[in-house]
Amino acid sequence: MARYDYDLFVIGGGSGGVRAARVSAALGKRVGIAEEYRFGGTCVIRGCVPKKLFVYASQFPEHFEDSAGYGWTVEPPRFDWRTLVANKDREIARLEGLYRQGVENAGGDAFQTRAVLVDRHTILLESENRTVTADQIMIATGGRPNPHLALPGHEHCIFSNEAFDLPELPKAIVIAGGGYIAVEFANIFHGLGVHTTLIYRGKEILSRFDMDLRRMLHETMEKKGIRIICHEIFSAIERRGDGRLDAYLQGGEVLVADQVMLALGRIPNTEDLGLEAAGVERGKIGEILVDDYSRSNVENIWAIGDVTNRVQLTPVAIHEAMCFVETAFKNNPVAPDHDCVATAVFSQPEIGTVGLSEDEAARRFHDIEVYRATFRPMRHTLSGRDEKMLMKLIVDAQTRLVLGAHILGPDAGEMAQLLGISLKAGLTKDDFDRTMAVHPTAAEEFVTMYKPSYLVKNGERVG
């Protein structure tokens, strides 16, 4: 039997890779992991965590305004961008240390270096100029923003990575895109006092989400002062003599901004990893092709997370890592379950959703019931803020199975997490109806909507 330096070597120190390395090492396996940048990956270093911190920061202006209705008098507040960035950096550094420490405490070896495959069992550690061997190899190198190289002047633009570390807060920004990242950053910059414009080529922001959520968020963002231009794209970006940018739109309008941000999707990090030398097959955008168990076409090489371009969410990568451990080291083959994944968009107001949208459910099921409620959240009754909340359940009329749950409003993400358990467990609308409400809460709407707002039969709305 061949003898290797490691039972498992992981390339990529993000959430998925670190979880696979740490849990495998805790089982007594000889594990190595290499990360060329910073342990923690996209989520911890330049994604979910700093983004959520920036979301919190950007919400304070509305909190200050709303407090007046509750009897508070707040001195004119001042915001310091550099303080936010410095405090964010300190928290990210703390988390980064915990990620690496977790692997090492479990008995694994962590390397700060770029790692490249030499063959199906050999890895070159570039900064150490040496090779190690491994029985099983996992690729967990994640993804990066699409640079949109076809856009003239793309070199003048920033991406989500740079947005967290700008030397100063821009006075005006134009953001291209209509997904999670574009929408969230539009709300962040607007909340911090930046004149914000969102450009999206589609007919409505946040494709694949329920249309009611998309429309209502769009309307709310525009009421706040964010300009949203749909059915539009950039034709070019040019640097002006004063250092600002001219963003030319295909329709002829020119927008002037201090920063232009591209949030036009992400692509897998698979270049120059030695995948060809190991015989690993990739897809049309460079993603590593894997089977139901996250195994590539090379039997001992696996891939998880964004590098596979399946479901690009941190908890999904972690779930895939745990399934890998069961499959590879516990003789218990487990395929990752990518069905009915709850998710949130940390817009303002935020979105929480799990399961099928109304349109998707109407395509899959003959008859569906739609339960829908819009109302002013209780927290806004004294503040006077003119902002509505939306809650929606999609139900199969024949089986009464709850197919989808959608929220727009405060704490939507927290509700979606708990609703995800209910939908994953296959609960019916009758189960929801039997559940006592917690009053007064917004979430009680999900167990007090007894009559459907309307039906959809054969794709046509009735009533």
Side-chain angles (χ1 to χ4, degrees), residues 42 45-47 50-51 53-55 57-58 61 79-86 88-89 143-207 217-218 221-267 345-348:
T42 296
I45 306 301
R46 52 191 178 270
K51 174 197 69 182
L53 295 176
F54 278 30
V55 167
S58 67
F79 173 69
D80 186 78
W81 169 256
R82 289 183 176 84
T83 298
L84 173 62
V85 172
K88 177 267 300 181
D89 288 344
R144 66 185 187 280
N146 185 337
H148 203 46
L149 299 177
L151 173 66
H154 66 272
E155 67 275 12
H156 302 309
C157 301
I158 64 169
F159 303 91
S160 55
N161 292 359
E162 293 81 16
F164 293 116
D165 297 293
L166 293 174
E168 61 183 25
L169 187 66
K171 292 182 174 61
I173 190 168
V174 180
I175 301 173
Y180 287 81
I181 295 172
V183 169
E184 290 172 338
F185 271 102
N187 282 275
I188 287 170
F189 280 113
H190 170 75
L192 296 178
V194 179
H195 184 274
T196 303
T197 304
L198 184 64
I199 306 295
Y200 181 49
R201 65 180 180 180
K203 67 178 181 180
E204 188 56 276
I205 58 174
L206 293 175
S207 63
L217 177 62
H218 182 145
M221 288 172 62
E222 289 196 319
K223 283 182 180 179
K224 290 174 183 288
I226 300 170
R227 186 184 179 195
I228 300 176
I229 307 174
C230 292
H231 296 294
E232 188 59 278
I233 61 173
F234 292 139
S235 59
I237 309 296
E238 292 183 357
R239 177 75 67 184
R240 295 157 49 107
D242 61 3
R244 305 186 80 197
L245 297 170
D246 284 332
Y248 291 84
L249 305 185
Q250 197 170 64
E253 185 176 358
V254 181
L255 302 173
V256 181
D258 302 291
Q259 296 287 354
V260 173
M261 177 177 168
L262 302 183
L264 301 169
R266 296 175 64 81
I267 55 179
V345 181
F346 294 105
S347 49
Q348 298 173 40

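Just so we're clear, the structure is a prediction, and the values are computed from it rather than from any experiment.
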Would you check if D246 and I237 make a side-chain contact, meaning some heavy-atom pair closer than 4.5 Å? no

To the nearest 0.5 Å, tell me how far S347 OG sits from I205 CD1. 7.5 Å

With rounding to the nearest 0.5 Å, note down the distance linking CZ in F189 to CD1 in I173. 4.0 Å

Worked check of side chain to side chain contact (heavy atoms under 4.5 Å, CB included) between V183 and L217: CA-CA 10 Å; V183 169; L217 177 62; 3.9 Å; yes

Is any side-chain heavy atom of Q259 less than 4.5 Å from a side-chain heavy atom of L166? yes

Show me the donor-acceptor pairs within less than 3.5 Å that the side chains of residues 191-203 make with the rest of the protein, sequence neighbours left out.
{"unit_1": "T196", "atom_1": "OG1", "unit_2": "H190", "atom_2": "N", "d": "3.4"}
{"unit_1": "T196", "atom_1": "OG1", "unit_2": "V194", "atom_2": "O", "d": "2.9"}

Residues passing the side chain to side chain donor-acceptor pair (under 3.5 Å) test with N146, sequence neighbours excluded, are none

Under a 4.5 Å cut-off applied to non-hydrogen side-chain atoms, are I228 and I226 in contact? yes

Rounded to the nearest 0.5 angstrom, the OG-CZ distance for S58 and F346 is 12.0 Å

Pairing residues for L264 by the side-chain contact (heavy atoms from CB on, under 4.5 Å) criterion, not counting sequence neighbours: H148, A176, L262

To the nearest 0.5 angstrom, please state how far the CD atom of E204 sits from the NE2 atom of H231. 8.5 Å

Looking at C230 and H218, what are the two nearest heavy atoms and their distance? SG-CE1, 4.0 Å

Nearest heavy-atom neighbours spanning A182 and G178: CB-N, 3.8 Å

Sorted by chain and number, sequence neighbours left out, side-chain contact (heavy atoms from CB on, under 4.5 Å) with P147 holds for L149, F159, I267

With sequence neighbours excluded, residues passing side chain to side chain donor-acceptor pair (under 3.5 Å) with R244: D258

Please list all pairs passing the side chain to side chain donor-acceptor pair (under 3.5 Å) test where one or both residues lie in residues 149-161, with sequence neighbours left out. none

Can you list the residues that meet the ring pair (Phe, Tyr, Trp, His ring centres under 6.0 Å) rule with F54, with sequence neighbours excluded? W81, F164

Those residues that, when tested against R266, pass salt bridge (charged side-chain N to carboxylate O under 4.0 Å, His left out) (two or more places apart): none

Could you work out, with side chain to side chain donor-acceptor pair (under 3.5 Å) as the rule, every residue matching D165, not counting sequence neighbours? K88

Roughly how far, to the nearest 0.5 Å, is SG of C157 from CZ of F234? 6.5 Å

Can you name the salt bridge (charged side-chain N to carboxylate O under 4.0 Å, His left out) partners of D242, sequence neighbours left out? R240

Residue pairs fulfilling side chain to side chain donor-acceptor pair (under 3.5 Å) with at least one residue in residues 168-188, sequence neighbours excluded: K51-E184, Y180-T343

Quick one: does L249's side chain get under 4.5 Å of I229's, heavy atoms only? yes

Are side-chain heavy atoms of E238 and L245 found at a separation under 4.5 Å? no

Can you name the side chain to side chain donor-acceptor pair (under 3.5 Å) partners of E253, sequence neighbours left out? R227

Donor-acceptor contact present, side-chain R82 to main-chain A86, <3.5 Å: no

